[in-house]
Amino acid sequence: MSDLLTRDFFDRPTHVVAPDLLGRIVQFGPVGVRLTEVEAYGLPGQDPASHTYRGRTPRNAVMFGPPGFLYVYFTYGMHFCANIVCLPEGLGSAVLLRAGEVVAGLDVARERRTGVKDRDLARGPARLAMTLAFGRAQNGLDCFGGGPLRVLAGSPGGKIMSGPRTGVSTGADTPWRFWIDGDPTVSPYRAHVPRRNDRVLRKAVRSAENTDL
DNA sequence: GTGCAGATACACT
DNA sequence: GTGTATCTGCACG
């Protein structure tokens, strides 16, 4: 199974595309990852968790473009995460690639992430991005442009599960996180722990220390 | 298993 | 100017 999907595949709402994406293979150059966990992000003004919630910015501009393009963003000052844009140009939504299993270019993937167990190579959104070598330069790449980035057909080979995304009030009734049941490469990530108070406290302590110096 | 440090882009005051 | 973020690796138990 290595047929290409068509762009139409992504010309649908994210919560429809996301579960359908499980088991498909994202290939970039020599490395291919079979998706085992994804998360859908909604439209501006509708999904507080989405980067497009507050409208268009230079960073999220790709999300407002046509479907089937890669949106790579930088977060926490050190990590990249990758999404694929859904719905027609101008709407602004995408599916986050959370985890997967390396099924092609395993040797290259191991070289990129030495000392990491095979199952952990793409187990988590930022790890997946590292393994596929997604970075700033890959933001805005077309999955259907005939270039090194492609999405291939595949089947989940397991039961598809879904659950609510954490920390979101609006989408609490609609479970927009999808994974393949029992797959060892599904990221263990916890329900987004809002460590706000801890972080605020730590930051306060740090700045207090700086002041004392 | 749990807890924390890291360091940048962006929205908001 | 300030606070948060679609998180990971490592230290520790």
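Quick note on labels: first sequence line is chain A, next is B, and so on, each numbered from 1.
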5'-most by nearest nucleotide on DNA chain B - A:R136 or A:M78: A:M78
Please give, in whole Å, the distance from [N] [atom2] to [X] [atom1]?
X	N	atom1	atom2	answer
A:K117	C:dG9	NZ	P	12 Å
A:F178	C:dT6	CZ	C1'	15 Å
A:F80	B:dA7	CZ	P	14 Å
A:M130	C:dT6	CE	P	17 Å
A:F74	B:dA7	CZ	C1'	7 Å
A:Y73	C:dT4	OH	P	18 Å
A:Y71	B:dC10	OH	C1'	10 Å
A:R59	C:dT6	CZ	P	7 Å

Using the side-chain contact (heavy atoms from CB on, under 4.5 Å) rule, pick out the option among A:N60, A:N139, A:N83 that qualifies with A:Y73. A:N83
Does a distance-only test, which skips hydrogens and angles, find a donor-acceptor pair under 3.5 Å between the side chain of A:H79 and the base of B:dG6? yes
Can you tell me whether the side chain of A:Y76 and the base of B:dT8 have a donor-acceptor pair closer than 3.5 Å? no
OP1, OP2 of [N] versus side-chain N and O of [X]: anything below 4.0 Å?
X	N	result
A:R127	C:dG9	yes
A:R54	C:dA5	no
A:R98	C:dC7	yes

If Ile, Leu, Val, Met, Phe, Trp and Tyr residues are connected whenever their side-chain heavy atoms lie under 4.5 Å apart, and connections chain through other members, are A:V151 and A:L22 in the same group? yes
Hey, are A:T185 and A:T36 close enough side-chain-wise for a donor-acceptor pair under 3.5 Å? yes
Electrostatic pair A:D120-A:R113, nearest N-O below 4.0 angstrom: no
So does A:R123 pair up with A:E37, basic N to acidic O under 4.0 Å? no
Any cation-pi pair here, A:R12 with A:F9, using under 6.0 Å and within 45°? yes
Separation of the P atoms in C:dG13 and B:dA5, to the nearest angstrom: 16 Å
For C:dG9 versus B:dA9, give the span between their C1' atoms, rounded off to a whole number of Å. 22 Å
Could you label the plane-to-plane angle of the A:F134 and A:F28 rings as parallel, tilted or perpendicular, counting under 30° as parallel and over 60° as perpendicular? tilted
Encoded 5' to 3' (Watson-Crick or G-U under 3.5 Å; [ ] crossing; | other strand), DNA chain C becomes |||||.||||||.
